[in-house]
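Below, read A as the first sequence line, B as the second, and so on, with proteins coming before strands; counting in each chain starts at 1.
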Amino acid sequence: MDFTPHTPEEVQAMLAELGLSDLRQLFADLPQEILEPQLRLPEPLGEQEALSLLRSLAAKNASAEKSFLGGAVRPHFIPSVVPALMSRGEFLTAYTPYQPEVSQGVLQAIFEYQTMIAELTGLDVSNASLYDGASALAEGVLLALRQTRRMAVVVSQGVHPEYRQVLATYLHAVGAELRTIELAGGLTAPAEFDETVGAVVLQNPNFLGAIENPSSWIAAAHASGALVVYVTDPLSLALLKPPGAWGADVAVGDGQPLGNPMNFGGPQFGYIAVRDKLLRQLPGRLVSETRDVDGRRGYVLALAAREQHIRRAKAKSNITTNSQLSALMAAVYLAALGPQGLADVAAAAVAKAHALAAQLASLPGLELVTPRPFFNEFTLRLPAPAAVVRAQLAKRGLQAATPVPEEYGDNLALFSATERHSDDDLRSLLDGIKEVLA
Amino acid sequence: MKGDFPTLFERSRSGRRGTRPPSVGDVDLAAMLGADNMRSEPARLPELDELSVVRHYTNLSRRQVGVDTSFYPLGSCTMKYNPRASEAAAALFTELHPYQDPESVQGALQIIYELQEYLAEITGMDAVTLQPAAGAHGELTGMMLIRAYHESRGEGEQRRVVLVPDSAHGSNPASSMMAGFVVREIPSGADGEVDLNELRAALGPEVAAIMLTNPNTLGLFERKILELIDAAHQQGVQLYYDGANLNAIMGWARPGDMGFDVIHLNLHKTFSTPHGGGGPGSGPVGAKAHLAPFLPVPTVKREGERYLFDYDRPQTIGRMRSFYGNFGVMVRAYTYIRMLGAAGLKRSSALAVLNANYLRKKLKDAGYIIPHDRLCKHEFVAQPPAGLHALDVAKALLDYGYHPPTIYFPLIVKEALMIEPTETESQETLDEYVTVMAEIARRGQEDPDWISHTPYSTPVRRLDEVSANRHPRLRWKPEE
Amino acid sequence: MNIPEDRRYSKTHEWVKLEGDVATVGISDFAQESLGDVVYVELPESGRQVAAGEAVAVIESVKTASDVYAPLAGEVVEVNESLADEPELVNGDPYGGGWLFRLRVSRPAEFESLLDASAYAKVIEEEE
């Protein structure tokens, strides 16, 4: 099936208007030797058959709604108002708000999102969103290099390994140098930076889950003239001191914990917030408040001259489409929860994670590797490879023990908990791990 | 001022609560997190009851148009109907974690694998990655593949120039720059197509690639494409296909068969996943065999009846995004392709082209200027009748309930109105649109004052963009 | 169109006023008119060495970004800080308060090779 309204008579009438009689004639200017390939695709399906097929594919997946897997994606509860409002067709089926008079819905929602991200991070300005946490980190670092006109980057090993991989890909392309400082005892080791370093990157809480004290890194970075890019889970900012208060210049991270489903890792959105002085280096869309000719308040895309459709090869970034709908979900989520609700979610996640850590670490052969304090993720050393344990748990319907890459040590697994887990869920995991390791 | 639509922050009342998460009782957070690490005061988020949240966003949505509300012929954006079946399908796959045991996500991996295969088949490419999160992200990925390919042949230092036509999407030069290239523009000929002689003259040992979209941004198919690609290949130059305009030729011709080496697609255009007011999209990249070793990891492969992640690419450019890309968008595109099949894709492109040509003819009859008045593909560029500006025509359309075309693009046509009706619009919609466009032209010419002050009936009227850019207000702050 | 005769011009619409070996650079009335409302000016850093013809500043309007080229080689010794808050000076007073930057020029004699007011008027005529 397709979604075209044309009746056969209409097709003929429209062709006749053009002096044509056959749809093929519309492709007369293509090279005839490559015209009309026979595409080998499955036969078309009606909606009912298609959805039945998709349901059968969905049945081959185990739900991770109660998973204890961590690593920047977690199963938080999403209030019903979030999907209900985001699925309104006006939001769902709009393009980028190029015509502000009929796009105030999306524009104001972005403006409010920018405000909430700025508040959470303790920085001055947020853009409208980026693809994900990893590409947001890459953009944040490129921004810092443009500002400092330097070409070296120092990153803590505490930054999510996939984020560091994406950063390496982006930096290789522009010929910048990436240096990594290893963790010591699960925390970022003290470091000094020379005057080639334009960006210093750390993650807090770090990849293994530990809460870092970033003061000395930030002081050292600023002493050498580098900017600090601070990776953080936005939910943690409900309780933890924000990047702006620590003195960071750029905050980035993945917005999934704020009202977005896990979606097998995407879509989510990346956020980026900066100090005012970096505004002109910020990539992506920005929305500003203004007034219309009658004096009414309205919102427009601003500072577009930074962007690719105007600046072309000299743009600050090539980004165009970002993750607007995912960011809208975060905005609705934050509005629905409010400051107290968000703090309650974070506190519940922390409490559950700490309870889980205490229970798991008490099992023989399991060792808590993450130093305290930690937030809602932590790392355990297992007596067997994590991938094996994860597979064994999965056979019991439990999704847990994210394998931590070997660079951090052998047999390490990441765990997390959220407000969505009941005490029974924690007990099931404990029993499952006892069985698997028996 | 009075009558302004309130922000969330203005609706906020101290102490008001919306959604209440489960209570955890008394927990000593300072002990668990370290007192020095705690936030000293809560983030100033709005405090609202749930009904206020629902009303706020519902009423905001009424200040917004989309494909669901209006004809939306925004050139190069392929604003076609987004089937609700695709939304229903995607909702079946939200509770999956990217680090689950691969054996527990075989259905998801099968979708990724099969979508890779379908897109390779539709485009005539040998291998596909679904990792890029949007079109421009795909462009960057594709250009990095080309860079890695030249590096592998010892020509990385030498081939640093990318040729881009002056009619190209702005993301093309921006992506080339981010991939470490230098961009050189090549002028279009009088016929709106790439000037083959200019292109030949620009080719040389320093050129790494040419980025093209075909049909181009004027909606014209580059008729000399085979010759052009042959000339480039003879000089060791790689051909990049910007798939933003693929909706014109699905099932009719494949970029791979034309000779393109690498391509990106926009699933949120061609394969009808909703654009969401600016994403999330998905920008898969297809490559010919000689570029496949450089694709980002992981891709998904099949072994017997099992699907697994394939990280085994020693020459990979690396990772472009965390996890595997925008999987939820992939599910929608997969559902779309399964519903349409080869025949439906081909018919959709044909009717997209039919609608564009029909509208081109009718608008010409209505007095609009068609600078390149020949068979177009899925879109075309028009100019307003004498004395009128594209901006004013666009603003007047808002009063008639239409979303305007793309304006002032491509840059090579003055006062450009770039119109892409898509295949999901009916003949009567196009006819009504033409009637309105004719009315706007007539009234605008008779009454310049009227048109220069349109729109009159929208939630807000023309906005002061100059002050928003000189003194941007990028976050809400209480009145001082 | 206002083209003062006390200074020289480039084909790319910059004006230059030379005092000793220090050249003040701005854009012409014609240039500011065709750019429209200037919303932001990106200026070079003081101390930067620039070649003649090198892009050294960017002037942004709402929908465009245009490079400004150094008409003469030299070292940037001062930039117009007031443009940060008042970019509209480029529109309102292009030959005065809307100046962009000052160069200590390497070869002041090259000033004579730039266009005088009447030659620049011809350049504009051809563009219109």
Side-chain angles (χ1 to χ4, degrees), chain A residues 2 5 23 26 34 39 41 44 47 54 57-58 60-62 64-65 69 79 85 88-90 92-94 96 101-102 104-106 115 119 131 134 162 165 169 261 263-267 288-290 292 297-298 308-309 312-313 315 318 321 323-325 336 338-339 344 348 351 373 394 402, chain B residues 4 18-19 21 24 27 34 42-43 45 47 57 60-61 63-68 85 89 92 94-99 101 104 106-107 133-134 136 170 173-175 183 257 274 276-281 318-319 322-323 326-328 341-342 344 350 353 426 458 460-461 468 472-473 475-476:
Chain A
D2 63 45
L23 289 173
L26 294 168
I34 59 163
L39 297 186
L41 293 175
E47 176 176 354
L54 269 293
L57 287 167
K60 295 183 187 173
N61 303 319
E65 63 173 301
L69 300 154
L85 293 169
R88 289 188 64 89
E90 297 88 341
L92 193 66
T93 68
T96 303
E101 296 88 346
V102 292
Q104 287 300 301
V106 167
T115 305
E119 286 292 340
Y131 307 133
E162 292 198 20
Q165 290 165 17
T169 310
N263 287 333
F264 200 38
S288 171
E289 183 190 308
T290 189
D292 78 355
R297 182 169 62 188
Q308 52 78 27
H309 63 280
R312 298 176 79 86
N318 68 339
T321 290
S323 296
Q324 211 51 68
L325 200 66
D344 288 350
T402 296
Chain B
D4 284 347
T19 305
V24 282
V27 291
L45 299 173
E47 300 176 66
Y57 284 101
L60 271 186
S61 78
R63 296 162 69 82
Q64 178 67 44
V65 304
V67 176
D68 280 6
L92 301 168
T94 54
E95 297 277 25
L96 301 179
H97 191 288
Y99 291 141
D101 177 42
S104 74
Q106 285 294 299
S175 300
V183 177
D257 296 342
R319 225 179 218 294
S322 55
F323 316 122
N326 281 343
F327 176 73
V353 173
S426 65
T458 45
V460 293
R461 297 183 54 212
R473 288 170 61 99
R475 61 191 288 187
W476 183 84

Chain B interface, residue from [options] that has the most non-hydrogen pairs under 4.5 Å:
options	result
Val106(A), Thr115(A), Thr93(A), Thr169(A)	Thr93(A)
Ile34(A), Leu39(A), Leu23(A)	Leu39(A)
Ala351(A), Pro5(A), Pro79(A)	Pro5(A)
Ala336(A), Ala315(A), Pro261(A), Ala348(A)	Ala336(A)
Ala134(A), Gly298(A), Ala58(A)	Ala58(A)

Option that, when pairs with chain A are counted at under 4.5 Å, heavy atom only, ranks first among [options]:
options	answer
Thr94(B), Thr458(B), Val353(B)	Thr94(B)
Pro173(B), Gly278(B), Pro21(B), Pro274(B)	Gly278(B)
Ala133(B), Gly66(B), Gly34(B)	Gly66(B)
Gly328(B), Ser104(B), Gly341(B)	Ser104(B)
Pro98(B), Ala85(B), Ala43(B), Ala134(B)	Pro98(B)
Gln106(B), Glu47(B), Gln64(B)	Gln64(B)

| query | Given a strict heavy-atom distance threshold of 4.5 Å, which part of Ala394(A) is in contact with chain B: side chain, backbone, both, or neither? | reply |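 Side chain only.
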_Need one label for Leu26(A): side chain, backbone, both or neither, based on atoms under 4.5 Å from any heavy atom in chain B._
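Both backbone and side chain.
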message = Less than 4.5 Å apart, side chain to side chain, heavy atoms only: is that true for Asp344(A) and Val24(B)?
response =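 A side-chain contact under 4.5 Å is absent here.
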### Query
Below 4.5 Å, heavy atoms only, C-beta onward: do Glu101(A) and Asp292(A) meet side chain to side chain?
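Heavy-atom side-chain distance check fails, nothing below 4.5 Å.
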Expected output: side-chain [X] to main-chain [Y] donor-acceptor under 3.5 Å:
X	Y	value
Thr402(A)	Leu69(A)	no
Asn318(A)	Ala174(B)	no
Gln324(A)	Thr96(A)	no

Smallest separation among heavy atoms of [X] and [Y], with atom names:
X	Y	value
Asn326(B)	Pro280(B)	ND2-CB, 3.7 Å
Ala89(B)	Leu54(A)	CB-CG, 3.8 Å
Thr290(A)	Ala468(B)	CB-CB, 3.9 Å
Trp476(B)	Arg297(A)	NE1-NH1, 4.5 Å

Q. With only heavy atoms counted, which part of Val67(B) is less than 4.5 Å from chain A, the side chain, the backbone, both or neither?
A.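 When you check distances to chain A, atoms from both the backbone and side chain of Val67(B) fall under 4.5 Å.
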Between Val65(B) and chain A, with a heavy-atom cut-off of 4.5 Å, which part of the residue counts as in contact: side chain, backbone, both or neither?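 Contact with chain A is through both the backbone and side chain of Val65(B).
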Next item on the list: Apply the test side chain to side chain contact (heavy atoms under 4.5 Å, CB included) to residues Arg63(B) and Val460(B): give CA-CA distance (whole Å), side-chain angles for both, the deciding distance (0.1 Å), then the verdict.
Entry: CA-CA 9 Å; Arg63(B) 296 162 69 82; Val460(B) 293; 4.0 Å; yes
